[in-house]
Amino acid sequence: MSLSSRTFYLTTPIYYVNAVPHLGHAYTTLIADTMCRYRRLAGDRVHFLTGTDEHGDKIAQAAAKAGETPQAYADRIAGAFRDTWRRLGISNDDFLRTTEPRHQAIVQAILQKLHDAGEIYFGEYGGNYCYGCERFYTDKELVDGKCPDHQTPPTFIKEQNYFFRMSRHQEWLVQHIEAHPDFIRPERYRNEVLAFLRDPLEDLCISRPKSRLQWGIPLPFDESYVTYVWFDALINYVSALGLPRSEPFETFWPHAQHLIAKDILKPHGIYWPTMLKAAGLPLYRHLNVHGYWSLAGGKMSKSIGNVVEALALADKYGHDAFRYFLMREMTFGLDANFSEDAFVARLNADLANDLGNLVSRATTMMVNFAGSVVPGPGAPSVEESEVRAALEKARAEVDDAMEEFAFQRALIAIWEFVGAVNRYVDTTAPWVLAKDPAKRGRLDTVLYTLAEALRCLSVLLAAFLPKTTEQIREILGLGGFPIRLADLAWGAVKPGITVQKAPALFPRIETGNPLPLTPPLSPKGERMKVRGERQGEGARITIEEFSRIDLRVGEVVAAEKVEKAKRLLKLTVKVGAEVRTLVAGIAEYYAPADLIGKKVVVVANLEPATLMGMESDGMVLAASEGQDLALIVLDRDLPPGAKVK
Ligand code: MSP
């Protein structure tokens, strides 16, 4: 599927102003930003909305606690959200606050319309109310009689209120979700909503008596009530555009997509579509739901006690590095752990090593071997075709991944291209070519290819790492020029442009505390006892330490004996899109022919080692006991490159 629609409207939740911006808010807003940037690069007309949710009990209580009026308090925290997004370079087109008159007017207009249409009635309701969630809970939803989110017992409240006839629309909603499989995605959340809809849906209480709560939008048909906060908040997605027939509404609403985390699935998956249906408004196109971040411990992370401190790491290590980590670490739809250790490990490995080194070595060679001027290329050979093929592959994969909000997959695809270009440098060895005047033509082709690869990389990265992209483009003399995905066509770099030597884009972070993967040695060379170690077992490592080892499924595509080394076999192993050479000490146990086609487990992020003059890029796992050795193979088929965890 391609990104075919030319208009795109994306919203984040509007965040409550009872807390300052934190990691969770930042994640949603950053991925929304990346998605919108990507669609703009594709040439689409994009509208990106975020904002703040400022009414309700929670806010009134937080303001009282801070000794401020609700409005002054909301102004202050809404300002903190706005400033944070500006600081992080978020490219939102609008920022809506629910206390703005433009919003209030539309909430009231929609309420009136629903009331006139008989979708709202007045009745009495007694039920278990959680003040934290600002909603009633059914007995079935309570866990041990408590609110599952707040772990507090609800308060029984009986009062007269206005109700929205949500139950009327239950059957229609089930049919809509079934007929539109990607209405709520990923699928697990669609299933969750459908499971919820298996039980009868109750009508939704949409008012609060002013005697209990003042801080809300008055009902247009009864001044003694204010609007329930969710009914008020959800309408922001429409009120930011204006009413039907206004230009922004007609342009963008038909393309609306919401982005939320799983915590607010029910209001978005059930209340909102039924509200829209009842109000005679078209439904949103997709509800995109991501998982939850939690904080993991770790050596450095002791200092991160909460999600606010986690967000502060964006300033400590750089905004692009932060964006990269969040998008690379979380599989869209699933939960993930945040730890400073894991962040620093990724920064060092992927950003400083893979990307930073590539840019720095490529530009240094252009400066040193071509006087900073990109030379004209000669005829391409197989190596150049491989780089171009890797680019095409990455481009297609990124397009595909972005269609599904699969940011992680998109970054993996871009890093495969980075890997391909790094290998290109290794195989073509320009520093060798530079020593031989007869190879000048070949050197020029290689340097041109590198300049073009960096330019294309800057386009691929633009939505994900905007600052880094600008830096790379400055180096290539392209700073300030607009970027479009269409520029990924090969050959746009014109020979003759001047290139600068790149500064370190991502300096390595020295933790001073390399994670010991093997137990430390005592000064006498004995193995030191590690805390928690049991007799007869290896030293315990943490999940973080283990997760630093990148184990992958590899398929052996060729194997041969190594001359003069009776224990070694040279294996050619396919790991994902890469083909690696591994030298393994298994010649006494396996004949080369028996290995072809075997799916083995490879340590993929090991520093390359030289054995008998051959570079071995990784290690194959095997078990051994006495004289026996057995390779670890898969007992079910999986593609090469699959992660072993
Ligand atoms: N005000 C409501 C939303 C109304 S939308 C019409 C609200 N606000 S909130 O401040 O609690 O924000 C919830 C959202 O913040 C989540 O859906 C998610 O986007 C983000 N996150 C907050 N904590 C999070 C994590 N720990 N992990 C991931 N995202 C989380 O609910």
Side-chain angles (χ1 to χ4, degrees), residues 10-33 35 49-60 62 74 77-78 80-81 84-85 90 92 94-99 103 106-107 110 130 132-135 149-150 184 189 192 206 215-217 227-240 256-273 275-276 284 287-296 304-311 325-327 329-339 405 407:
L10 186 65
T11 69
T12 72
I14 46 172
Y15 305 112
Y16 286 129
V17 290
N18 64 342
V20 291
H22 62 62
L23 170 70
H25 308 130
Y27 174 72
T28 313
T29 313
L30 283 170
I31 58 175
D33 180 67
M35 182 55 82
L49 172 70
T50 187
T52 40
D53 189 355
E54 307 188 359
H55 291 127
D57 279 334
K58 265 193 229 200
I59 315 299
I77 310 288
F81 273 95
T84 303
W85 302 153
I90 302 300
N92 54 304
D94 194 0
F95 186 101
L96 183 133
R97 301 180 54 187
T98 53
T99 48
H103 173 69
I106 287 182
V107 170
I110 290 180
C130 170
C133 300
E134 307 203 25
R135 73 170 178 96
D149 284 354
H150 292 86
I184 300 173
Y189 297 113
E192 210 173 288
I206 57 135
W215 187 236
I217 300 178
T227 314
Y228 166 50
V229 67
W230 270 106
F231 209 88
D232 163 351
L234 289 161
I235 292 175
N236 93 88
Y237 301 133
V238 166
S239 69
Q257 293 204 33
H258 303 309
L259 178 63
I260 59 166
K262 62 180 187 180
D263 55 335
I264 51 177
L265 177 61
K266 191 174 163 190
H268 284 81
I270 296 177
Y271 304 174
W272 184 222
M275 283 165 67
L276 287 165
Y284 56 79
L287 178 63
N288 304 286
V289 189
H290 66 75
Y292 236 56
W293 283 97
S294 52
L295 295 178
I304 315 177
N306 61 49
V307 279
V308 177
E309 288 162 5
L311 176 56
F325 175 71
L326 294 188
M327 288 190 275
E329 199 70 8
M330 182 177 257
T331 305
F332 192 83
L334 302 182
D335 294 344
N337 267 320
F338 184 97
S339 84
F405 284 67
F407 302 91

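Numbering of ligands and ligand atoms starts at 1, following listing order.
For Asp94, the side-chain contact (heavy atoms from CB on, under 4.5 Å) test picks out His47, Leu49, Arg102, Ala240, with sequence neighbours left out. In this structure, the side chain to side chain donor-acceptor pair (under 3.5 Å) partners of Thr52, at least two apart in sequence or on a different chain, are Glu54. Scored by the ring-ring contact (aromatic ring centres under 6.0 Å, His included) test, His103 finds no partners at all (sequence neighbours excluded).
Atom CZ of Phe81 and atom CZ of Arg97 lie 11.5 Å apart (nearest 0.5 Å).
Paired with His55 under the rule side-chain contact (heavy atoms from CB on, under 4.5 Å), one option of Thr99, Val17, Thr227 passes, and it is Thr99.
Residues with a heavy atom under 4.0 Å from ligand 1: Pro13, Ile14, Tyr15, Tyr16, His22, Gly24, His25, Thr28, Asp53, Trp230, Ala233, Leu234, Asn236, Tyr237, Ala261, Asp263, Ile264, His268, His290, Gly291, Tyr292, Trp293.
Classification of the His25-Tyr15 ring pair by plane angle, with boundaries at 30° and 60°, yields tilted.
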